[in-house]
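The chain is numbered in sequence order, starting from 1. Values in this document were obtained by computation on a predicted structure and should not be read as measured data. Below, all heavy atoms of this structure are taken into account, side chains as well, without hydrogens, waters or symmetry copies.
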Amino acid sequence: MNQNGQKRILAPSMLSADFAHLEEDLLKAVHAGAKYLHVDVMDGYFVPNISFGPPVIKVVRQILPDTVLDVHLMVEQPERYIRDYKECGGDILTIHVEATKHPYSVLQAIHAEGLKAGAAINPGTPVEQLIPLLRQCDQVLVMSVNPGFGGQSLIPETLDKIRELVQLREKLGLSYLIEIDGGVKLSNLDQVLDAGTDIIVAGSAIFGKDTEGGTKAFLQRIGE
């Protein structure tokens, strides 16, 4: 449980799945108990990597009709793609404050499409940039690695941002969930949870030799 008595959420990151056996890998995580799937969309501009787009996500939606698709848009000008990611099956769209000139209006536009909206910050971006947006956020994502590639080590200082967002939520009387993405493993999970994180994104620590076992191990530790 988090500090508000809500269940913590595990969101396995599709970026680390075996793309030669994608359906099998994703189903293993879901059958083991994962109710969310974190979907990293990269455009090669905002981050120096390209991942996948609406056609792939549409197939994932067909494979996982009841799983929450937590779509993390690491793309420039995300406002251009809101309708596309709704139509392919996204449930939550999270944009980066660094990727658009008008993040508040983009969050409003996501809500107007009937989706949940999130705002993300990179490790070098202060929490202060989120404050004007928090009333429009269903969730807030703290990048705990530099975005663009999986398998990096968690930057410990980013946990201070989680703590700051917990304090702001209480001070402002809001209910957004706080998500962490990058370098989370069983070995540092207690620190991540103690900071106040609600949604835990994990990739390489789950997908691999034993996807089902890795998912169950995380779910047991977070108390889901």
Side-chain angles (χ1 to χ4, degrees), residues 1-41 51-52 56-72 89-92 94 116 118 120 138-145 147 149-156 158-159 162-163 165-166 176-224:
M1 296 285 185
N2 66 8
Q3 295 178 1
N4 292 330
Q6 297 173 312
K7 281 189 174 181
R8 288 189 166 110
I9 297 165
L10 175 67
S13 174
M14 191 172 95
L15 191 65
S16 295
D18 181 356
F19 278 80
H21 305 92
L22 183 60
E23 180 175 1
E24 179 183 353
D25 227 9
L26 297 182
L27 286 173
K28 284 179 180 178
V30 170
H31 289 162
K35 296 178 175 60
Y36 275 50
L37 180 68
H38 190 78
V39 183
D40 286 309
V41 177
S51 58
F52 31 74
V56 173
I57 298 172
K58 185 176 182 179
V59 172
V60 171
R61 170 51 73 206
Q62 293 168 353
I63 296 169
L64 306 175
D66 301 318
T67 302
V68 176
L69 297 187
D70 177 20
V71 180
H72 179 192
D91 295 298
I92 306 166
T94 295
K116 290 187 176 181
D138 297 292
Q139 61 187 46
V140 177
L141 188 156
V142 173
M143 288 299 303
S144 45
V145 299
F149 297 93
Q152 300 179 61
S153 296
L154 183 146
I155 301 170
T158 57
L159 296 180
I162 301 288
R163 298 182 185 98
L165 285 163
V166 170
Y176 56 79
L177 298 180
I178 303 169
E179 183 172 22
I180 192 168
D181 182 6
V184 179
K185 303 181 184 301
L186 288 173
S187 59
N188 58 27
L189 182 57
D190 286 345
Q191 294 172 285
V192 169
L193 297 176
D194 289 345
T197 312
D198 304 301
I199 305 174
I200 295 90
V201 177
S204 57
I206 288 181
F207 291 110
K209 293 181 180 179
D210 184 8
T211 298
E212 185 173 352
T215 303
K216 288 181 177 179
F218 266 85
L219 290 173
Q220 184 177 19
R221 288 279 294 278
I222 69 174
E224 188 170 316

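At least one side-chain heavy atom of Q139 sits under 4.5 Å from a side-chain heavy atom of I92. Under the 4.5 Å side-chain criterion, counting only non-hydrogen atoms from C-beta, H72 is in contact with H38. The shortest distance between side-chain heavy atoms of R221 and D190 falls below 4.5 Å. Side-chain atoms of D138 and L177, non-hydrogen and from C-beta on, never get closer than 4.5 Å to each other. The side-chain heavy atoms of V71 and V41, taken from C-beta on, include a pair separated by under 4.5 Å.
Of all non-hydrogen atoms in A34 and L219, the two that sit nearest each other are N-CD1, 3.9 Å. Residues T158 and S144 approach most closely at OG1-CB, 3.3 Å, considering heavy atoms. Closest non-hydrogen pair, G183 versus N188, comes out as O-ND2, 3.0 Å.
A side-chain hydrogen bond (donor to acceptor under 3.5 Å, both in side chains) with D40 holds for exactly one of S16, S51, S13; it is S13. No option in I9, I162, V142, D70 other than D70 meets the side chain to side chain contact (heavy atoms under 4.5 Å, CB included) test with E179. Under the side chain to side chain contact (heavy atoms under 4.5 Å, CB included) rule, L10 has a single partner from L37, I199, I206, which is I206.
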| task | Evaluate the criterion side-chain contact (heavy atoms from CB on, under 4.5 Å) for residue pair F52 and V60; output intermediate values, then yes/no. | result | CA-CA 11 Å; F52 31 74; V60 171; over 6 Å; no

| query | side-chain contact (heavy atoms from CB on, under 4.5 Å) between T197 and V166: does it pass, once the steps are laid out? | reply | CA-CA 8 Å; T197 312; V166 170; over 6 Å; no

| message | Run Y176 and D198 through side-chain contact (heavy atoms from CB on, under 4.5 Å) and show every step you take. | response | CA-CA 9 Å; Y176 56 79; D198 304 301; over 6 Å; no

| message | Evaluate L141 against I180 for side-chain contact (heavy atoms from CB on, under 4.5 Å), listing each step before the verdict. | response | CA-CA 6 Å; L141 188 156; I180 192 168; over 6 Å; no

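With rounding to the nearest 0.5 angstrom, the CZ atom of F218 is 8.0 Å from the NZ atom of K185. One distance of note links CG of L22 with CE of M14; it measures 5.5 Å at 0.5 Å rounding. With rounding to the nearest 0.5 angstrom, the CG atom of D194 is 9.0 Å from the CG atom of L189. Between the CD1 atom of I200 and the CD1 atom of I178 there is a distance of 11.0 Å, given to the nearest 0.5 Å. For the atom pair L26 CG and F207 CZ, the distance stands at 5.5 Å (nearest 0.5 Å). Of the inter-residue distances, the one linking L69 atom CG with Y36 atom OH reads 11.0 Å to the nearest 0.5 angstrom.
Classification of D18 and K28 as a salt-bridged pair fails, no side-chain N sitting under 4.0 Å from a carboxylate O.
At least one donor-acceptor pair under 3.5 Å links the side chain of R61 to the backbone N or O of T67.
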